[in-house]
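Notes for the one structure printed next.
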Amino acid sequence: MDNLLGKGEMGEDCIVLCGASEYEKKFYLNESFDNLPQAVKDELKVMCVLFTEDVGGIITMTFDEEGNLEIETMARENDLLYDEIGAHLKVKKIREERKELLEALETYFKAVFLGEIGEE
């Protein structure tokens with residue numbers, strides 16, 4: 001699982017699920033999640049790409065050590081077009097509108113990667 005590790009905003013270890021960059025015009029899905037249903041992978045791609053087209057910068061979706069799904073955004077230091085307030089609001093909207101999907105991804109991660117088999 002070490003090859004999945006990245007660093008979160010606070011420098012803690014995290015596992016990258018996916019991300020997109022307005023700068024590189026690319027979407028990335030961690031190959032360790034290739035076994036997700038295609039519809040879920042497509043939805044993640046649409047969410048991330050539309051996010052960066054809307055507010056700019058970079059978005060990443062990561063899992064922390066407990067399996068919580070985090071959505072992080074950032075921009076290059078001199079990016080005057082990045083909408084920081086819009087990014088915060090858009091993340092909030094994603095969390096509200098895609099709550100079911102995000103919770104299902106957390107459950108999947110906990111079961112497959114952390115070995116937690118719950119009663120859910």
Side-chain angles (χ1 to χ4, degrees):
M1 192 157 79
D2 288 341
N3 63 339
L4 301 175
L5 291 178
K7 294 289 182 189
E9 285 183 350
M10 300 298 195
E12 71 281 358
D13 286 341
C14 64
I15 306 211
V16 176
L17 168 62
C18 62
S21 170
E22 173 65 18
Y23 309 116
E24 297 178 22
K25 304 286 188 207
K26 289 187 179 179
F27 171 78
Y28 167 78
L29 176 68
N30 188 327
E31 62 188 27
S32 297
F33 294 94
D34 276 346
N35 56 347
L36 285 171
Q38 188 61 45
V40 171
K41 293 189 283 189
D42 291 344
E43 193 166 348
L44 289 169
K45 183 175 184 177
V46 167
M47 273 192 309
C48 290
V49 170
L50 287 178
F51 179 94
T52 58
E53 286 181 359
D54 226 11
V55 297
I58 299 168
I59 184 171
T60 55
M61 299 179 85
T62 60
F63 292 101
D64 66 16
E65 293 175 345
E66 287 83 40
N68 301 308
L69 185 59
E70 304 293 332
I71 302 173
E72 301 172 355
T73 66
M74 63 200 87
R76 292 182 178 160
E77 191 174 324
N78 58 353
D79 185 352
L80 301 176
L81 298 177
Y82 177 70
D83 182 359
E84 191 170 344
I85 294 170
H88 175 74
L89 293 173
K90 190 138 181 104
V91 167
K92 184 177 179 181
K93 184 176 180 182
I94 288 171
R95 287 199 175 281
E96 290 170 1
E97 292 180 354
R98 308 285 194 207
K99 182 178 182 182
E100 210 171 287
L101 172 66
L102 301 178
E103 288 175 352
L105 286 166
E106 287 179 342
T107 301
Y108 167 84
F109 181 81
K110 289 174 183 176
V112 173
F113 290 91
L114 299 181
E116 297 177 13
I117 308 291
E119 293 134 28
E120 298 177 39

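Residues take their numbers from the sequence shown, with the count starting at 1.
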ask   = Run the side-chain contact (heavy atoms from CB on, under 4.5 Å) check on Met61 and Leu102 step by step: do they pass?
value = CA-CA 10 Å; Met61 299 179 85; Leu102 301 178; 3.6 Å; yes

key: Leu44 vs Leu105, side-chain contact (heavy atoms from CB on, under 4.5 Å): CA-CA, chis, key distance, verdict   = CA-CA 11 Å; Leu44 289 169; Leu105 286 166; 3.9 Å; yes

task = Walk me through it: do Val40 and Phe33 pass the test side-chain contact (heavy atoms from CB on, under 4.5 Å)?
result = CA-CA 10 Å; Val40 171; Phe33 294 94; over 6 Å; no

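Salt bridge absent: Lys99 and Glu96 never bring a charged side-chain N and a carboxylate O closer than 4.0 Å.
Contact between Asn68 and Lys110 at its shortest, heavy atoms only, is OD1-NZ, 4.2 Å. Scanning both residues, Ala87 and Thr73, for their nearest heavy atoms gives CB-OG1, 4.0 Å. Considering all non-hydrogen atoms of both residues, Phe27 and Val49 come closest at CB-CG2, 4.1 Å. The minimum heavy-atom distance between Glu72 and Thr62, with the atom names listed, is OE2-OG1, 3.9 Å.
Side-chain contact between Glu22 and Asp54 is absent, with no heavy atoms from C-beta onward closer than 4.5 Å. Residues Met47 and Leu101 have side chains in contact (heavy-atom distance under 4.5 Å, counting atoms from C-beta outward). Taking 4.5 Å as the limit, every side-chain heavy atom of Asp83 sits out of range of all side-chain heavy atoms of Leu89. Residues Ile15 and Phe113 are not in side-chain contact: their nearest non-hydrogen atoms beyond the backbone lie 4.5 Å or more apart. Counting only heavy atoms from C-beta outward, the side chains of Met74 and Thr60 approach each other to under 4.5 Å. Leu17 places none of its side-chain heavy atoms less than 4.5 Å from the side chain of Asn30. With contacts defined as side-chain heavy-atom distances shorter than 4.5 Å, the pair Thr52/Tyr23 does not qualify.
Evaluation of the side chain to side chain contact (heavy atoms under 4.5 Å, CB included) rule for Glu77 yields no partner, not counting sequence neighbours.
Judged by distance alone, the side chain of Lys26 and the main-chain N or O of Ser21 form no donor-acceptor pair under 3.5 Å.
Summarising the geometry, atom CZ belonging to Arg98 is positioned 13.5 Å from atom CG belonging to Leu69; distances are rounded to the nearest 0.5 Å. In this structure, CD1 in Ile58 is found 9.0 Å from OH in Tyr82, a value given to the nearest 0.5 Å. Summarising the geometry, atom CD belonging to Gln38 is positioned 9.0 Å from atom NZ belonging to Lys45; distances are rounded to the nearest 0.5 Å. Considering CD of Glu53 and NZ of Lys25, their distance stands at 7.0 Å, rounded to 0.5 Å. Note that CG of Leu114 and CD of Glu106 are 11.0 Å apart. Values are rounded to the nearest 0.5 Å.
The aromatic ring centres of Tyr108 and Phe63 sit 6.0 Å or more apart.
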